Number of protein chains: 2
Amino acid sequence: MLTIGKLGAEAGVKVPTVRYYEQIGLLPKAERSAGNQRLYGRKALERLAFIRHARDLGFTLEAIRDLLSLSDRPDQSCAAADAIAKAQLAEVESRLARLMSLKAELERMVVQCAGGRIADCRVIEVLGDHSLCATDHRHPEGEHIA
Amino acid sequence: MLTIGKLGAEAGVKVPTVRYYEQIGLLPKAERSAGNQRLYGRKALERLAFIRHARDLGFTLEAIRDLLSLSDRPDQSCAAADAIAKAQLAEVESRLARLMSLKAELERMVVQCAGGRIADCRVIEVLGDHSLCATDHRHPEGEHIA
DNA sequence: CCTAATGTCTCTAGCAACTATATGTTCAAG
DNA sequence: CTTGAACATATAGTTGCTAGAGACATTAGG
């Protein structure tokens, strides 16, 4: 049996985060020792590693909640899990596309800064006037990049 | 003079967000009409557009605060603005790199899902076992992608 | 066996950057 | 002159944690 600290270290998750996951119901309530400390077995470690890994991949906790509830019922079709992963992939792709154009714009901003005065600063100038953009970053619905 | 709604529409920023920016001091306190409604001129619109655009580029409000205070004193060197933009560029590049490897992994996850049962689901399997990753996404310091 | 250090417990509050909700006031159109 | 949209304030909620306070548990050293 692992204490919360060992568990966190094994899974690469901080202790308060583990408690937080329990609090919001992503992890089941842990067994307790005689002295009221949380104790975890191998199953909890696997579940936490799953969560950690999915977070790394950019899944939201809500998506992870869905994936976990799917994997808790292993005899159903994998279509739902596939759909979640595909949605995640689509989101990653769109973030990628946006970031690439941002990178291009930032590079344009940065090149010409050779110590001039602010008044001539390309950075400030570009930021002040959207029409100088090469690409169009308008968002459909208040969506901002993270 | 524009009311807050027109201003927001012009700049592509929602009304509560404009008020929020005023509250945290990114925008100066607006003039008020006889009936206590905020009124904005062209300068405020430009400042808001600047903020909006910088947010689109992924700058934090703190970075934007710095950029704004730089542009308020236009006779200094543009080195500081350049540094902020370069830091932003570096961050964008690192996000890009991570996202590209995530994309690859998600694609690997998704391909093999042809309606099998959850028990054999590649999505769940890959998420459950980090060792199946082609690439290594471990973070140096608890840093998670947004 | 005792002590000191570390680890754990709960609870609350804070972070970014907004967004939503509730309740009330002002303004412009018909 | 009335109605309804747009405005005002204030508070609380969102996501995914992180940090702090103050008290109890456990473990390693002497």
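Chain letters run A, B, ... following the sequence lines, proteins first and then strands; every chain starts at 1. The shown structure was predicted, so the numbers you read here are calculated from the model rather than taken from an experiment. When reading the values below, keep in mind they use all heavy atoms of this one structure, side chains included, and skip hydrogens, waters and symmetry mates.
Residue B:R32 places at least one side-chain N or O under 4.0 Å from the OP1 or OP2 atom of D:dT9. Under 4.0 angstrom from either OP1 or OP2 of C:dT19 there lies at least one side-chain N or O belonging to B:K14. Checking the phosphate oxygens (OP1, OP2) of D:dC17, a side-chain nitrogen or oxygen of A:Y21 falls inside 4.0 Å. When the side-chain nitrogen and oxygen atoms of B:R19 are compared with OP1 and OP2 of D:dT9, none of them lie within a distance under 4.0 Å.
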Please list each protein N or O that sits under 3.5 Å from an N or O in nucleotides 22-30 of chain C, with the distance.
{"residue": "C:dC27", "atom": "OP1", "partner": "B:G35", "partner atom": "N", "Å": "3.2"}

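At distances below 3.5 Å, at least one donor-acceptor pair connects side-chain atoms of A:R55 with backbone N or O atoms of A:F59. Put simply, the side chain of A:R52 gets close to the backbone of A:G12: a donor and an acceptor are under 3.5 Å apart. In this structure a side-chain-to-backbone donor-acceptor pair under 3.5 Å is missing from B:R47 to B:L68.
Contacts between residues 1-11 of chain B and DNA chain D, counted as heavy-atom distances below 4.0 Å, involve B:T3, B:I4, B:G5.
For A:R55, counting side-chain heavy atoms from C-beta on, the closest listed nucleotide (D:dG16, C:dT19, C:dT10) is D:dG16.
Between B:K6 and B:E10 there is no salt bridge, since none of the side-chain N atoms of the basic residue sits less than 4.0 Å from a carboxylate O of the acidic one.
Between A:T3 and A:R38 there is no side-chain heavy-atom pair separated by less than 4.5 Å. Contact check for A:L45 versus A:Y40: no side-chain heavy atoms found under the 4.5 Å cut-off.
In this structure, CG of A:L61 is placed 14 Å from P of D:dT14, rounded to the nearest angstrom.
Going from atom CZ of B:R65 over to atom CG of B:L67 covers 12.0 Å, rounded to the nearest 0.5 Å.
Taking the nucleotide of DNA chain C with the nearest heavy atom to each of A:Q23 and A:L39, the more 5' of the two is matched to A:L39.
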